[in-house]
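The block underneath contains the structure these notes are about, expressed in structure tokens.
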Amino acid sequence: MTATTAFESRMTALQARLETSALPGPAAHGQMAVEGRPAHDPARVAASRRAAALVLIYPNADGPYVALTERHANLRDHAGQISLPGGRIDTGETVVDAALREAWEELAI
């Protein structure tokens with residue numbers, strides 16, 4: 001199997017799983033939570049902004065790669081963190097539109 005065929009096979013399997021399986025939600029949040037901070041604090045959720053992110057998976061000779069960004073060191077929140085390209089959903093924008101716009105702004109793709 002060529003690298004391209006293997007990548008395409010993985011992407012087909014991932015797409016099928018995402019279409020037929022529920023996302024883990026709060027259970028996964030609990031596993032990834034920062035120690036000493038509640039995984040799902042309703043007050044934080046209520047105060048949060050709607051945002052979107054893009055998971056860009058692309059083939060490379062070594063296998064699938066995922067595009068990540070490093071947040072600017074001077075940001076008020078999450079400074080210096082490694083993240084997916086993404087950000088706030090603007091008024092009138094869909095989640096997909098926002099994710100694609102942010103990917104263009106951050107990665108020029």
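Counting from 1, the numbers follow the sequence of the chain as shown. Just so we're clear, the structure is a prediction, and the values are computed from it rather than from any experiment.
Looking at residues two or more places apart in sequence or on another chain, you find no side-chain hydrogen bond (donor to acceptor under 3.5 Å, both in side chains) involving N74.
Note on L68 and Y65: separate hydrophobic clusters, where clusters join Ile, Leu, Val, Met, Phe, Trp and Tyr whose side-chain heavy atoms are under 4.5 Å apart, directly or indirectly.
The backbone N or O of E8 lies less than 3.5 Å from a partner atom in the side chain of T12, making a donor-acceptor pair.
Rounding to the nearest 0.5 Å gives a distance of 8.5 Å between CD1 of I109 and CG of L100. How far CZ of R71 is from CD1 of I82: 11.0 Å, rounded to the nearest 0.5 Å. To the nearest 0.5 Å, atom CG of residue N60 and atom CZ of residue F7 are 10.0 Å apart.
Shortest non-hydrogen contact noted between I89 and T94 is CG2-O, 4.2 Å. What you find for A103 and P85 is that their closest heavy atoms are CA-CB, 4.2 Å. The two residues A98 and A52 make their nearest non-hydrogen contact at CB-CB, 3.9 Å.
Sorted by first and then second residue, the salt bridge (Lys or Arg N to Asp or Glu O under 4.0 Å) pairs with a member in residues 94-109 read D90-R101, E93-R101, R101-E105; sequence neighbours excluded.
Side-chain contact between L84 and L54: absent, with no pair of heavy atoms (C-beta onward) separated by less than 4.5 Å. Proximity of T69 to L107: side-chain heavy atoms (C-beta onward) are separated by under 4.5 Å at one or more points. With contacts defined as side-chain heavy-atom distances shorter than 4.5 Å, the pair H78/S83 does not qualify.
Annotation for L75: hydrophobic cluster partners, listed by chain and number, are none (ILVMFWY side-chain heavy atoms under 4.5 Å, direct or chained).
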